[in-house]
Each structure stands twice: as structure tokens, then as C-alpha cells.
Amino acid sequence: MAPHFALVDVNNFYVSCERVFNPRLEGVPVVVLSNNDGCAVARSNEAKALGIPMGAPWFQMRELARRHRVRVLSSNYELYGDMSGRVVAILRAFSPDLEVYSIDESFLDVAPVLALHGGGSSLGQAIRHRIRQWVGLPVCVGLAPTKTLAKLANHLAKRHPGFGGVCDWAALPAPEQAAWMSGVGVGEIWGVGRRLEPKLQALGLHTVRDLCRADADFLQARFGVVLARVASELRGMPCLDLDTLAEPRQQIIVSRSFGHPVAALAPLQEALAMHAAHAAEKLRADGSVAAAVQVSLHAHPFRTGERHEGAVTLPQPTDDTRLLIRAVRAAAARLYREGCTYRKAGVLLFGLSARERPQGELFDFGEAGRERSARLMAVMDGINRAYGPDTLRSAASGLERPWRMRSGRRSPRYTTCWEELPVVS
DNA sequence: TCTGGGGTCCTAGGACCC
DNA sequence: TCTGGGGTCCTAGGACCC
């Protein structure tokens with residue numbers, strides 16, 4: 001059976017999560033900031049209408065926001081992650097063939113259940129209704145025979161109220177499809193970014209329709225196979241499959257800007273120890289081990305761009321937090337330069353492989369040591385899952401932690417923390 | 001003064017092999 | 001003067017996504 005894709009995407013996801021628990025945010029401009037309160041990463045429609053762009057540095061927007069009484073929030077990833085999980089659980093009941101594409105978007109292959117729901121449009125409405133009723137979030141649904149067209153349909157459903165939040169591309173008559181394609185700029189397409197857009201425009205390819213009708217061999221020769229696939233998908237020929245099983249990651253990055261600049265080695269090492277511990281948690285969640293770790297220290301990213309980086313190959317691949325912390329502390333001591341003021345530090349784990357088949361046994365702890373390590377890590381992960389992140393952590397990550405990122409306007413963790421449950425009075 | 005964080009895939013070029 | 005053909009693996013850089 002040919003696939004029929006549905007792309008379900010939550011509108012202004014972070015802002016919508018905040019509105020579920022704080023109805024006073026309805027109808028007014030709301031912005032959610034990135035980590036360290038740096039950039040605007042989510043905007044309500046009212047905030048978009050004020051001209052606040054995605055990714056805008058917040059200090060540049062502050063005056064505008066004050067004038068228009070924009071409600072500003074720090075990001076609350078614990079809340080958004082939990083809400084995302086609830087949406088995915090609902091979607092799985094509609095179709096088990098599901099790919100979680102990002103925190104607020106999933107693709108489903110709905111071909112087998114389309115008839116059951118009386119067609120794409122009513123299936124889309126059923127999804128919208130259930131997510132609204134059970135979780136409180138507004139979503140839009142785009143349906144089409146390829147993922148790229150489903151993205152396009154979703155884009156139309158979001159922007160044109162006439163669709164009622166659901167656009168079933170295949171149900172539109174051909175002349176209407178052509179008209180919609182002519183109305184969307186080439187830069188809006190999934191797979192065409194900031195670099196490609198001007199190059200395509202210079203060749204006279206301005207709209208989705210132009211790209212759709214461009215010669216496939218020409219696109220392939222000029223821009224590579226990625227863009228050629230995009231064009232094929234727009235013509236209705238599926239090139240991208242549903243990725244239903246989440247493959248373990250190939251690399252794991254944890255990095256954060258500091259709330260305040262850091263000049264001394266000790267706090268740098270604390271921050272890196274915490275990042276290493278968080279990276280190791282993700283590593284174990286994937287069932288992987290890392291062969292190498294890279295540490296990076298960033299000085300003045302927007303002025304000199306100065307950055308000190310160094311990689312360490314571990315004696316053997318590991319997922320043990322203690323060994324990773326030891327490695328990043330040593331690397332930091334080597335990279336650190338006296339007199340330098342640092343803004344950000346990061347840990348990258350790479351050379352990842354599955355834990356079941358460790359590579360190289362020559363200088364191992366031996367079987368007993370490996371088992372002790374695995375048990376200890378499992379206990380630590382269990383405690384932190386049950387009682388919250390960082391409940392049990394290495395002393396190497398510091399006690400005061402003055403370098404921690406700014407997050408002064410974070411809403412309560414309504415759904416994941418007993419002390420912060422919403423109270424109805 | 002102040003600018004996030006975490007990923008993926010593809011391509012070209014070099015090293016190396018027979 | 002003139003120097004094959006086919007492959008793999010790795011890395012860096014560039015593009016994209018949210």
C-alpha cells in the first residue's frame with residue numbers, strides 16, 4: 001500500500017504549552033526565550049504580528065516588548081518535553097507507524113486507517129479535536145502522498161484559516177494545487193534554507209511551483225541529490241521514508257552559555273563535569289558507549305570568535321560518568337588559558353557504538369569492574385528519573401554553581417514536579 | 001553589556017589498498 | 001614526453017532541520 005503521510009505540528013508549541021496552564025496568556029503577545037534568556041525561540045501570533053522575528057536576540061527586542069506589554073518567559077523544557085510525550089501518545093493510537101520528527105512535530109503513515117476515518121480531512125479533524133481535548137494544545141495537520149508535500153500542506157493549514165487547521169493535499173483539484181504552489185515562496189519549502197533560496201531565485205525559481213517544474217537532472221548536477229529529491233517529492237514521488245525506529249545517536253552534545261562570564265579554571269571544570277554527566281545520561285539512554293570526548297571552551301563568540309577545543313580518546317569506550325568527568329577535567333586543564341574570559345563550555349561525545357559489543361578489551365576494567373560500573377550508573381539514573389534531574393550528582397559539578405544559565409522567568413514545572421503542581425482555588 | 005542548543009546528511013578530497 | 005583503474009575509509013566543511 002502506498003504511504004499517505006500526515007504531519008501533525010503543534011502551533012507555536014512552547015507558547016501554547018504555557019497557555020494551557022496560564023490562560024491569562026491567551027490573546028496577548030507572548031514570547032519564550034532560549035536558554036540563558038538569549039533569543040526569542042517561540043512567539044504567539046500576536047508577538048509575530050509585532051514583527052518579533054524567530055531567533056531575535058532578546059536585548060534588541062526589549063524596548064519593543066516593553067512598549068507592547070509582551071509577556072516574556074524563560075524556556076521550561078521539562079514542561080515542553082512532558083507535553084510533547086503526551087501528544088505523541090495520542091498520535092500513536094491513530095497510527096503506530098509514527099516518526100517523532102521534533103519536540104512538536106510527528107509524521108504518521110495513515111494509509112491503512114484512512115478509510116476507517118472517512119478520509120484524510122475527517123481524520124485530521126479527529127486528531128485535532130482529541131489533542132485539544134485531552135492535552136489542551138492546538139495543532140495543524142497536513143496530509144499528502146510524500147513527506148515534503150505533507151509539510152507544504154501543513155504550512156497551508158497553518159496560514160489559511162479556510163482550511164480549518166487540516167489540509168488534505170490529495171483531495172485538492174489539480175488547478176488548486178498549482179495555485180497554492182504558485183503562492184508559496186521557494187524558501188518556505190522543507191529542505192530549502194537561507195543559502196539555497198537566493199541561489200534558486202537567481203535562476204528564476206521563485207515559488208514552489210517553479211521548483212516543482214524544474215529539470216531534475218539540472219537540479220541534481222547543480223545542487224546535489226538533496227534538492228533533486230525535494231523536487232521529486234513535490235511532484236508526488238516519495239523519496240523519503242518514515243523513520244519509525246529511533247536509531248541511537250551518532251554524537252551527543254551538551255553545551256551551555258554561562259549566566260555570567262567565567263575566568264577561573266575551577267568553575268569551568270565544574271560546568272564541564274555537569275555537561276559530561278548529562279551527556280553520559282543520554283548515552284546510557286541510547287544504550288551506547290563513547291570512544292572519545294571533545295571539550296570546547298568559547299571566549300567571545302560574537303567578537304573574536306575565539307574557541308579552544310581538544311579531543312581525548314578514552315582508554316576504552318565507556319558510558320561511565322566518572323570516567324567521562326575525569327577526561328573532561330583533564331582536557332579543560334590543558335585547554336584553559338589564564339586571563340581569558342569564557343562565555344560557554346561544551347562536551348561532545350563521539351565514536352559511539354552499541355554497549356553490547358565494546359571495541360577492544362586490552363586494558364579493560366575486567367568483567368567484574370564493568371558490572372559494578374553498570375550497576376552504579378543504573379542506580380544513579382533511576383534516582384534521577386524518580387526524583388528529578390541532578391538529585392544525585394558528582395561533587396565535581398560544584399555546589400554553588402554561580403555559572404549556571406539565566407532562567408529568571410521560567411514558569412512552574414506543572415506536570416513533572418510535585419511542589420509545582422497547578423492549584424485550583 | 002546583552003546573540004541557544006542539538007542534531008542529520010551529503011560532498012569533495014586525501015590517504016591508502018590491490 | 002610518456003604514468004591505470006577501481007575501490008574503501010576518514011575528515012572537514014557546508015547545507016539543512018527544529
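Residue numbers begin at 1 in each chain, while the letters A, B, ... track the order of the sequences.
Of all heavy-atom pairs between A/R209 and A/A178, the closest is CD-O, 3.4 Å. Of all heavy-atom pairs between A/H308 and A/C340, the closest is CE1-SG, 3.9 Å. Contact record, A/L227 with A/L196: CD1-CD2, 4.1 Å, taken as the closest heavy-atom pair. Residues A/A354 and A/V289 approach most closely at O-CG2, 4.2 Å, considering heavy atoms. Nearest heavy atoms, A/D320 versus A/M377: OD1-CE, 3.6 Å. Shortest non-hydrogen contact noted between A/E18 and A/S74 is OE2-O, 4.4 Å.
Between A/V113 and A/F94, the closest side-chain pair of non-hydrogen atoms is not below 4.5 Å. Here the side chains of A/E78 and A/P389 are in contact, with some heavy-atom distance below 4.5 Å. Looking at A/K151 and A/H155, their side chains never come closer than 4.5 Å, going by heavy atoms from C-beta outward.
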For a quick check, with a 4.0 angstrom heavy-atom cut-off, what is the B/S/- contact string for nucleotides 10-16 of chain C, read 5' to 3'? -----SS
Could you walk me through whether A/L240 and A/W190 pass side chain to side chain contact (heavy atoms under 4.5 Å, CB included), step by step? CA-CA 12 Å; A/L240 304 172; A/W190 188 45; 3.8 Å; yes
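Using P as the reference atom, C/dC18 and B/dT3 are 25 Å apart when rounded to the nearest Å.
Note: A/W403 and A/Y342 fail the aromatic proximity criterion, with ring centroids not under 6.0 Å apart. A ring-centre distance under 6.0 Å is found for A/H160 and A/W180.
Contact annotation: A/K151 does not reach the phosphate of C/dC17 (side-chain N/O to OP1 or OP2, under 4.0 Å).
When the nearest nucleotides of DNA chain B are assigned to A/M54 and A/V225 by heavy-atom distance, the more 5′-ward of the two goes with A/M54. Take the nearest nucleotide of DNA chain B for A/Q220 and for A/E247: the residue whose nucleotide is more 5' is A/E247.
Considering only side-chain atoms of A/S34, the nucleotide from C/dC18, B/dC2, B/dG4 that sits closest is B/dG4. Closest to the side chain of A/R343, out of B/dC2, B/dC9, C/dC17, is B/dC2.
Interface residues of residues 55-80 of chain A facing DNA chain B, ordered by number: A/P57, A/F59; criterion, heavy-atom separation under 4.0 Å. Using a 4.0 Å cut-off on heavy atoms, none of the residues of residues 81-98 of chain A approach DNA chain B. Using a 4.0 Å cutoff on non-hydrogen atoms, the parts of residues 250-282 of chain A near DNA chain B are A/Q250, A/Q251, A/I252, A/I253, A/V254, A/S255, A/R256, A/S257, A/K282, ordered by number.
Here A/N35 lies in heavy-atom contact (under 4.0 Å) with sugar-phosphate atoms only. Here A/D37 lies out of heavy-atom contact (under 4.0 Å) with every strand.
Base-pairing analysis of DNA chain C finds the following stems of at least three consecutive Watson-Crick or G-U pairs, with both pairing distances under 3.5 Å: B:5-18 with C:5-18.
Pairs engaging residues 220-264 of chain A under the ring-ring contact (aromatic ring centres under 6.0 Å, His included) rule: none recorded [sequence neighbours left out].
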